[in-house]
Peer 1: 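Quick one: the structure is below, questions incoming.
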Amino acid sequence: MKECRVRFAPSPTGYLHIGGARTALFNWLLAKRYNGKFILRIEDTDQERSTKDSEEVIFRAMKWLGLDWDEGPLNGGDFGPYRQSERLYIYREYAQKLVAQKKAFKCYCTNEELDEERKKCLEQGKDAVYSGRCRNLSSDEVQKFEKEGRKPVIRFEVPKDKQILFTDLSRGDVKFDSNLIGDFVLLKTDGFPSYNFAVVIDDYSMKITHVIRGDDHLTNTPKQILLYEALKAKIPEFAHIPMILGNDGSRLSKRHGATSVEEYQKDGFIKEAVVNYLSLLGWSPKSNEEIIPIESIIEKFELKDVSKSPAVFDNTKLRWMNSQYIQSIDIDKLVDYAIPFVDKKLYDISDKAFFKRIMTVISEPITVLADVNKEMVYYFDNTIDKTIDEEIKEIFSKESAFTVVENYIERLGNIPENDYNEESLKQALRTIQNEFKIKGKELFMPMRVALTYKTSGPGVYEMLIVLGKERSLKRMKEFLEAISVYK
RNA sequence: GGUCCCUUCGUCUAGCGGUUAGGACACAGCCCUUUCACGGCUGCGGCAGGGGUUCGAGUCCCCUAGGGACUACCA
């Protein structure tokens with residue numbers, strides 16, 4: 001494939017939807033795969049709904065995912081501007097050209113008139129297609145409308161009896177009949193372009209070679225092709241990728257839970273997992289791999305391997321994947337990722353080495369970063385729950401439980417700081433095991449409880465290693481004092 | 001309504017005329033084990049339905065059903 005230019009063109013009317021992120025990802029992947037350029041374009045022609053805020057939100061979400069763009073609103077490029085609201089003069093120019101060539105015309109119909117026309121068509125069982133009544137207005141009629149103060153729109157004159165054929169890179173051949181397409185609007189009364197016009201002008205003038213977008217645009221494609229033909233412009237390749245659905249099979253929306261990339265970030269998903277999961281929604285590397293590093297995805301990504309049918313977003317599987325990534329990514333990276341999630345009012349993590357030890361241990365039980373607070377309670381004196389419940393009393397109703405803990409405290413005290421490691425810690429317990437003939441649960445449960453006040457939780461050695469010698473000793477001594485009341 | 005697209009375990013998917021229809025998540029059971037988790041193993045479970053074509057069809061064709069998109073001066 002020669003140098004390709006692909007784009008992602010969101011409208012800034014809200015957050016970055018997870019489906020949009022997937023579309024962006026597929027475009028980005030293709031650009032990376034074939035050494036092409038990935039362009040970000042803001043489609044803000046809806047003056048009512050577009051906001052700068054959501055533009056920011058979208059930029060942030062894309063950056064978080066690592067979907068960096070070669071050309072776009074923030075960094076510019078040779079084919080800008082990259083915001084449609086800043087390109088109005090371009091659309092007007094092309095629209096006028098089309099009018100001059102009699103390929104487009106001014107239409108003075110009001111919404112009311114059009115609604116009525118549509119209603120009549122439907123009543124007669126005909127297709128609700130614009131009649132083309134303003135195609136050939138006389139200059140008298142035009143003057144009359146102008147005098148009334150009516151503002152025209154510019155409509156494209158859709159050719160009659162034309163078969164529109166194209167080959168979709170993911171769907172194959174698709175065919176449409178031009179008679180079913182009404183003369184659609186190019187320029188609205190406010191002077192802003194309509195979607196179908198703006199995309200074509202932009203994709204054309206930005207030299208886009210591959211248009212990869214959601215399935216919902218498949219039926220827009222014939223209109224756009226007609227426009228390309230009218231402009232005598234080269235038609236790009238199209239690839240329509242399936243939508244993402246919620247668990248009930250309908251289009252993924254808020255009522256299915258989190259749908260914005262931001263929310264996933266906030267919930268503690270890590271970007272590597274999200275990107276990996278998203279890439280597998282509608283695409284498959286044809287192997288049995290599931291956890292695939294991004295470099296490898298780039299290497300394998302092909303449009304022809306994109307599936308045609310929609311995929312249901314499965315949060316459970318995303319969570320599984322996230323836990324896989326949390327367990328396997330570089331520990332320093334994980335520490336960095338986790339820091340923003342730590343409740344600083346509860347946990348003092350100024351001791352970086354200590355926090356790193358904690359993360360090493362809790363990377364297994366947590367599935368999202370937000371879980372850290374729940375898993376960290378054992379390691380801090382101010383958060384551990386020191387309630388002595390019946391279960392604990394039961395365990396320490398046996399004299400041997402005291403023997404274990406008391407003796408371990410003594411041995412631990414004798415381990416020099418520079419020999420404080422898992423091996424020596426195990427050795428110490430082994431000695432007690434042999435000396436007092438205590439083993440299994442009788443041996444470990446008292447230890448676990450003395451360190452955590454819980455009968456389930458982190459392993460004994462994990463606790464000792466993470467806490468370190470002093471903290472461990474203090475913890476166990478305190479516990480003995482507390483439990484001795486019930487002796 | 002019309003046009004177009006889609007249809008393999010509950011979910012994500014592999015399959016591209018000859019397979020005991022493979023993998024992953026979830027679920028169940030077992031194992032590992034000082035608890036929980038992790039991990040390992042086993043199991044459960046699928047070609048939407050009906051017609052063709054063919055020696056042979058998940059795979060090709062047609063019909064039906066279901067789902068989706070478009071049919072806007074929204075993108």
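Keep in mind that the numbers below use all heavy atoms, side chains included, and drop hydrogens, waters and symmetry copies. Chain identifiers are assigned alphabetically (A, B, ...) following the order of the sequence lines, protein sequences preceding nucleic acid strands; residue numbering begins at 1 within each chain.
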Peer 1: With sequence neighbours left out, what residues match A:F166 under ring pair (Phe, Tyr, Trp, His ring centres under 6.0 Å)?
Peer 2: A:F238

Peer 1: List for me each residue that meets side chain to side chain contact (heavy atoms under 4.5 Å, CB included) alongside A:E113, sequence neighbours excluded, and say none if there are none.
Peer 2: A:C109, A:T110, A:R133, A:R150

Peer 1: Please, which pairs that meet salt bridge (Lys or Arg N to Asp or Glu O under 4.0 Å) have at least one residue in residues 435-446 of chain A, sequence neighbours excluded?
Peer 2: A:K398-A:E442, A:R411-A:E435

Peer 1: Name all pairs fulfilling the salt bridge (Lys or Arg N to Asp or Glu O under 4.0 Å) condition that reach into residues 238-252 of chain A, sequence neighbours left out, sorted by first residue then second.
Peer 2: A:D216-A:R251, A:D248-A:R255

Peer 1: Examine the base of B:C73 for any acceptor or donor lying under 3.5 Å from a partner atom in the side chain of A:T189, and report the outcome as yes or no.
Peer 2: yes

Peer 1: Please work out which residues in residues 176-188 of chain A have a non-hydrogen atom less than 4.0 Å from an atom of RNA chain B and list them by number.
Peer 2: A:F176, A:L180, A:V185, A:K188

Peer 1: At less than 4.0 Å, is any side-chain N or O atom of A:Q224 found next to OP1 or OP2 of B:A75? Yes or no.
Peer 2: no

Peer 1: Looking at residues at least two apart in the chain, or sitting in another chain, which of them share a side chain to side chain contact (heavy atoms under 4.5 Å, CB included) with A:E56?
Peer 2: A:F59, A:R60

Peer 1: Going by salt bridge (Lys or Arg N to Asp or Glu O under 4.0 Å), name the pairs with one or both residues in residues 310-328 of chain A, residues two or more places apart or in two chains.
Peer 2: A:E290-A:K317

Peer 1: Contacts to RNA chain B from residues 16-25 of chain A, heavy-atom cutoff under 4.0 Å, which residues?
Peer 2: none

Peer 1: Residues two or more places apart in sequence or in another chain: which of them pass ring pair (Phe, Tyr, Trp, His ring centres under 6.0 Å) with A:Y325?
Peer 2: none

Peer 1: Is A:R92 positioned over the aromatic face of A:Y94, cation under 6.0 angstrom from the ring centre and no more than 45 degrees off axis?
Peer 2: no

Peer 1: Checking A:F479 now: which residues fulfil ring pair (Phe, Tyr, Trp, His ring centres under 6.0 Å) with it, not counting sequence neighbours?
Peer 2: A:F396, A:Y453

Peer 1: Taking only residues two or more places apart in sequence, or in another chain, which ones meet A:S309 in a side chain to side chain donor-acceptor pair (under 3.5 Å)?
Peer 2: none

Peer 1: Please list, by residue number, the residues of residues 212-222 of chain A whose heavy atoms come closer than 4.0 Å to an atom of RNA chain B; answer none if no residue qualifies.
Peer 2: A:D216, A:H217, A:L218, A:T219, A:N220

